[in-house]
Chemist: 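Just passing along the structure, written as structure tokens.
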Amino acid sequence: TRAVAWGLDHHFDRMDELEEAGRQPAVEKQSGAWHQEAKSSIHYHHKLGVDSLVEGRYIPAIKPQSNTVYVKAPQGCGKTEWVGKVALPFYRQRHPESRVLYVVHRRSMARAAADRLGLPCYMDTQGGLKHDCVVSVDSLHRVRLDEDTQLILVLDEVEQVIHHLTLSGTMNGEQKLRAHNAWLSVLSHAVAMVCMDADLGALTIKEVQEHAPPHLGSSSQGHLIEV
């Protein structure tokens, strides 16, 4: 079940549209098959076999080749570790005035990610969030943005982040609208973006490419790291 567009302007079931287009929703893509349409617009593609992984399991220190990176790898492959040790230092150097916004869809994930990455957790701060932070989708409205704010945006379990924004059972209509508007504001300030998911779907990649802010440039077509 997906939103009609990355902009999330319509929150209703997209299943019929996907079936008509001959696509399967990302949640059903367990085989690892990818649509060539999405892959063909990826500028850089690192396909990692067991021999390419550290200790046969973990993602190596591959530097981002684009302002937007997609990481498709099973749980336990070190996606969060790669973000903390490789992606964030790389983007901080490229965008020294930026701050990190790490978005999750569950409170428990926020605490765990904050502890592993050494970032503040939104649950430990009252009021507006003005600095590096791990935040859940339903608290995005607390993120304070100035006109010149630059964000390094990390979406952990991006498929669930999108699902939570559009079809969450924990938010009422007013809360979803507030989260949706906050999400659009956050996205418009992104100077770099990392989208991670074990079940990362071709449709998500396609929608990110279509709806990423213009200032990400042509490199918003992205870099795919796939295990």
Side-chain angles (χ1 to χ4, degrees), residues 1-3 6-8 11-13 25-27 58-59 68-88 91-92 98-145 149-190 192-201 204 207-208:
T1 304
R2 298 295 306 276
W6 184 254
L8 307 176
H11 39 275
F12 56 82
D13 196 328
V27 292
Y58 301 108
I59 297 171
T68 307
V69 178
Y70 311 94
V71 183
K72 177 181 171 66
Q75 186 175 0
C77 281
K79 294 188 292 293
T80 304
E81 192 81 1
W82 177 83
V83 166
K85 291 186 175 180
V86 181
L88 293 186
Y91 285 131
R92 284 186 191 276
S98 64
R99 71 186 206 237
V100 175
L101 189 66
Y102 192 105
V103 183
V104 298
H105 63 95
R106 293 200 311 266
R107 290 168 63 93
S108 59
M109 289 180 63
R111 178 68 67 193
D115 290 344
R116 291 180 65 183
L117 295 171
L119 294 173
C121 180
Y122 79 104
M123 290 183 286
D124 297 329
T125 303
Q126 299 295 321
L129 304 172
K130 302 177 182 179
H131 305 287
D132 291 351
C133 190
V134 179
V135 64
S136 69
V137 170
D138 52 8
S139 291
L140 279 174
H141 64 280
R142 292 177 53 194
V143 177
R144 295 295 176 260
L145 301 169
T149 297
Q150 298 180 1
L151 296 176
I152 300 170
L153 187 60
V154 182
L155 307 180
D156 195 351
E157 295 192 6
V158 59
E159 300 289 344
Q160 291 300 318
V161 167
I162 296 174
H163 182 274
H164 194 83
L165 274 166
T166 57
L167 294 165
S168 170
T170 63
M171 292 191 291
N172 59 33
E174 181 180 350
Q175 290 170 327
K176 285 181 182 178
L177 179 60
R178 181 173 62 180
H180 159 68
N181 289 336
W183 165 246
L184 294 181
S185 295
V186 163
L187 182 60
S188 71
H189 285 269
M193 183 160 49
V194 178
C195 301
M196 305 188 296
D197 205 296
D199 299 311
L200 180 65
T204 293
E207 290 179 351
V208 170

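All values below come from the heavy atoms of this structure, side chains included, with hydrogens, waters and symmetry mates left out.
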Chemist: Is the backbone of Y122 close enough, under 3.5 Å, to the side chain of T125 for a donor and an acceptor to pair up by distance?
Modeler: no
Chemist: Run V137 and V104 through side chain to side chain contact (heavy atoms under 4.5 Å, CB included) and show every step you take.
Modeler: CA-CA 6 Å; V137 170; V104 298; over 6 Å; no
Chemist: Looking only at atom types and distance, does a side-chain atom of K72 sit under 3.5 Å from a main-chain N or O of D197, one as donor and one as acceptor?
Modeler: no
Chemist: Using modelled atom types and a 3.5 Å cut-off, is there a donor and acceptor pairing between side-chain atoms of K85 and backbone atoms of T80?
Modeler: no
Chemist: Roughly how far apart are L151 CG and T149 OG1, rounded to 0.5 Å?
Modeler: 6.5 Å
Chemist: Report yes or no: do H105 and E157 form a side-chain donor-acceptor pair below 3.5 Å?
Modeler: yes
Chemist: Could you state the interatomic distance from CG (L155) to SG (C195), rounded to the nearest 0.5 Å?
Modeler: 4.5 Å
Chemist: Say you draw a straight line from CZ of R142 to OG of S136; how long is it, rounded to the nearest 0.5 Å?
Modeler: 8.5 Å
Chemist: If you look at every heavy atom in S98 and I152, which pair is closest and at what distance?
Modeler: OG-CD1, 3.2 Å
Chemist: Take V83 and Y102 through the side chain to side chain contact (heavy atoms under 4.5 Å, CB included) test and state the conclusion after the steps.
Modeler: CA-CA 10 Å; V83 166; Y102 192 105; 4.3 Å; yes
Chemist: Could you please spell out the steps behind the side chain to side chain contact (heavy atoms under 4.5 Å, CB included) verdict for Q160 and R106?
Modeler: CA-CA 9 Å; Q160 291 300 318; R106 293 200 311 266; over 6 Å; no
Chemist: Rounded at 0.5 Å granularity, tell me how far CE in M193 sits from CG in L153.
Modeler: 6.0 Å
Chemist: Give every residue pair that meets the salt bridge (Lys or Arg N to Asp or Glu O under 4.0 Å) criterion with at least one member in residues 121-136, sequence neighbours excluded.
Modeler: R92-D132, R111-D124
Chemist: If you look at every heavy atom in A87 and V194, which pair is closest and at what distance?
Modeler: CB-CG2, 4.4 Å
Chemist: I'd like to know if the side chain of R107 reaches the main chain of M123, judged simply by a donor and an acceptor atom lying under 3.5 Å from each other, with no hydrogens or angles considered.
Modeler: no
Chemist: What is the distance from atom SG of C133 to atom CG of L119, rounded to the nearest 0.5 Å?
Modeler: 8.0 Å
Chemist: Does any part of the side chain of L200, heavy atoms only, come nearer than 4.5 Å to the side chain of V158, both counted from C-beta?
Modeler: yes
Chemist: With sequence neighbours left out, what residues match Y91 under side chain to side chain donor-acceptor pair (under 3.5 Å)?
Modeler: none
Chemist: Measuring from atom CG of L129 to atom CZ of R144, what distance do you get when rounded to the nearest 0.5 angstrom?
Modeler: 7.5 Å
Chemist: Looking only at non-hydrogen atoms, find the nearest pair between A73 and I59 and report the distance.
Modeler: CB-CD1, 4.1 Å
Chemist: If we check side chain to side chain contact (heavy atoms under 4.5 Å, CB included) with H189, which of these qualifies: V143, L101, L145?
Modeler: L145
Chemist: Would V154 and L88 count as a side chain to side chain contact (heavy atoms under 4.5 Å, CB included) here? Give the steps.
Modeler: CA-CA 9 Å; V154 182; L88 293 186; 4.1 Å; yes
Chemist: Over all heavy atoms of both residues, which pair between C121 and A114 is shortest? Give the atoms and the distance, please.
Modeler: CB-CB, 3.7 Å
